[in-house]
Colleague: 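Structure provided below as structure tokens; questions to follow.
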Amino acid sequence: MTIKGKKKPRLLQGNEAVVEGALAAGCSFFAGYPITPASEISEILAYRLPQVGGTFIQMEDEIASLGAVIGASLAGAKSMTATSGPGFSLMQENLGFACVAEVPCVIVNVMRGGPSTGLPTNPSQGDVMQARWGTHGDHPIIVLAPSSVHDSFEITVQAFNFSERYRTPVILLSDEVVAHTRETVTLPEPDEIEVWDRIRPSMPPEWYIPYEDTSRGVPPMGIFGDGYRYHVTGLIHDVRGFPTARADEIEPFMQRIHRKISQHFHDIQIVKHYMTNDAEIVVIAYGSVARSARRAVLDAREKGIKAGLLQLVTLYPFPRREVVGTIRNSRVVLVPEMNMGQISREVKRVNEGMTRVATLNRIDGGMITPQQIYEWIIKE
Amino acid sequence: MAEITKLVHKYLRHDKKFPHVWCPGCGNGIVLGAMIRAIDRLGYSKDEIVMVSGIGCSGRLPVYVDFNTLHTTHGRALTFATGVKLAKPELKVIVVMGDGDATAIGGNHFIHAARRNINITAIIINNNIYGMTGGQYSPTTPYGMKATTAPYRHIEHAFNIAELAVTAGAVFVGRGTVYHARLLDRLIEKALLKRGFGVVEIITHCHTQYGRRNRMGDAVAMMNWQKEHAVRIERAADMSEEELKDKFTIGVLVDRDLPIYTEQYNLVRKQAQEQASRQ
């Protein structure tokens, strides 16, 4: 998706841009619970949603928030919640429900330092593995990471689009630096934004088989009240939505919900290349760290060092093909992260000895600066 | 086939693989029948009903009926229902929960849904035990009784679900039993008609997990227990404390009017839009 702006530039915070992106994508329902550093998203939507005929509600906790979001989505509303680490932990239960019942929704996690109450006002990228594997059982998931205010807008729209197109929860993994940085951005006009809606059934209701396989693996979605009465459950179910314990029904179901993501990797896996073509030193980064890395790479190029940046926008499904293709001809790969090494494990996993993978980790509550990455590149 | 059975069949899902999961003699079927009779009498269409449940024996109830049905996670049924109702207020949202579901794991959601006065009907089937998982004590297991997790005796005190609902702000609270089937029909009907958060607590028996362990006999004996221990609330007013010992009241505990969430939120929308148009 490319966005060209015609409108007046605005000074926005990352969290505000998430709100703008959500509204541009057609979000009409938000349920959340206060938490730093995500509360601005709730506050602004409490003000904005009723203006456009939407609904905001502050629930009693994050478990309830995601429950309400799923309920609203089943009734046809594009729905979202926003939280940070401790709240995201509480959401894992209903996140699994949304995966299994295939309910589109967007969950924003503005990452702060963890574990537990951790560092409420400091940035971190410690929730990457939780975003992928936090809810129990094998499940497909889409995780996207914005790195700037403009990204926060664009990728929020993308998150809604993926959730609707693939009938899946999408996690927007922002961080405290991205969320609270204010910068001037020019947002696109509504007609410049591509918005996707879920595919609804078009056959007569008596012919509707709610979880039947399709060529895309994504069944059309009936909405409560529109005549397609069906059963929604967190139990593993047959094509009609009814609980099953039959191996010949469980296996195809589990395969399909994974296949609907894996057969669309080309669409879902978004990366951005900065001078990686001839790069001997490749930096792989995401979120606010990707911006520091970009500066460091530009500085290194000025010194004549062949450095490049591969920015991961999609963290999961992990963009293996792009990563392998980019690091194949490099001398060394650096994965800087504000955690003990989470995406670097994925890079090492797909590397299979092609090149050397180094890590640069920061867990003291501070952000990774361009200088830190630059110094590492210079030493190499 | 009796007329009453014919009516229930009209609302069952015939493509679902019966038999159901409940034990012979279970009261859940009586609850389901009462709900269907109330829905039928009030003339709701199948498309406008959304039936939501949590986890447990009660959680399986919606799968058998031909409405929009939603079987959620344990204790969270009211949160999902809140989202459905707010996104599409024209739908009639009915939530079925068990005692553990609604007042242990979902206790927080229960009191907040009541406080918010969201226009939902909550049916709570209270059998004093966790039946599906094998007879562990629940928040309504009485003091001194036995459960698989209280093999000696239970030392906690039970919640009074209906009183809890009254205190939390529900605008309609009724209590019935599966023995008093006609009263149950009327209570559910009243709760469905009530504008706001309506609660019906239904005392039922779990002879398999609770009655057997506590020597209360079979399903029939336990229904007789309900008959002997239930007192109409109208009659209870004239009875002494001594007479009411070991008894529980049935009937309408509360019927009052408070502003409804969805209507209030419509006013918020109007205010927001007026303010925005002035800017």
Colleague: Please identify which of these residues, V50(B), D47(B), V93(B), I49(B), meets the side-chain contact (heavy atoms from CB on, under 4.5 Å) condition with F224(A).
Modeller: V50(B)
Colleague: Would you mind checking which part of F67(B) comes under 4.5 Å of any heavy atom in chain A, side chain (CB onward), backbone (N, CA, C, O), both or neither?
Modeller: backbone
Colleague: Atom CG of L66(A) and atom OG1 of T79(B): how far apart are they, to the nearest 0.5 Å?
Modeller: 8.5 Å
Colleague: Residues of residues 195-208 of chain A under 4.5 Å from chain B (heavy atom pairs)?
Modeller: none
Colleague: Measure distances from R115(B) to the heavy atoms of chain A and classify the residue's part below 4.5 Å as side chain, backbone, both or neither.
Modeller: neither
Colleague: Looking at R76(B) and A64(A), would you say the former's side chain and the latter's main chain have a donor-acceptor pair under 3.5 Å?
Modeller: no
Colleague: Taking every non-hydrogen pair under 4.5 Å, which of G222(A), G54(A), G96(A) racks up the most with chain B?
Modeller: G54(A)
Colleague: Calculate, to the nearest 0.5 Å, the distance between atoms CD and CD belonging to Q51(A) and Q271(B) respectively.
Modeller: 11.0 Å
Colleague: What residue, out of G53(A), G234(A), A77(A), G76(A), has the most heavy-atom pairs lying under 4.5 Å from chain B?
Modeller: G53(A)
Colleague: In Å and rounded to the nearest 0.5 Å, what is the OG1 to CD1 distance from T233(A) to I55(B)?
Modeller: 6.5 Å
Colleague: With a 4.5 Å cut-off on side-chain heavy atoms, are R13(B) and H231(A) touching?
Modeller: yes
Colleague: When heavy-atom pairs shorter than 4.5 Å are enumerated against chain A, which of T82(B), V52(B), L86(B), L78(B) gives the highest number?
Modeller: L86(B)
Colleague: Hey, what do you get for CD (E60(A)) to CG (N108(B)), rounding to the nearest 0.5 Å?
Modeller: 5.5 Å
Colleague: What are the two closest heavy atoms between K88(B) and D226(A), and how far apart are they?
Modeller: NZ-N, 4.2 Å
Colleague: Rounded to the nearest 0.5 Å, what separation is found between the NE2 atom of H109(B) and the CE atom of M59(A)?
Modeller: 7.5 Å
Colleague: Relative to the ring of F80(B), is the ring of F97(A) parallel (under 30°), tilted (30 to 60°) or perpendicular (over 60°)?
Modeller: perpendicular
Colleague: For L235(A) and R60(B), what are the C-alpha separation, side-chain angles and deciding distance, and is it a side-chain contact (heavy atoms from CB on, under 4.5 Å)?
Modeller: CA-CA 11 Å; L235(A) 287 163; R60(B) 295 303 185 99; 3.6 Å; yes
Colleague: Between atom OG1 of T72(B) and atom CG of N94(A), what is the distance when rounded to the nearest 0.5 Å?
Modeller: 7.5 Å
Colleague: Considering only heavy atoms, which portion of L70(B) lies under 4.5 Å from any heavy atom of chain A: side chain, backbone, both, or neither?
Modeller: both
Colleague: Using heavy atoms and a sub-4.5 Å threshold, report which of residues 22-34 of chain A line up against chain B, by residue number.
Modeller: F29(A)
Colleague: With a 4.5 angstrom heavy-atom cut-off, which part of K270(B) approaches chain A: side chain, backbone, both or neither?
Modeller: neither
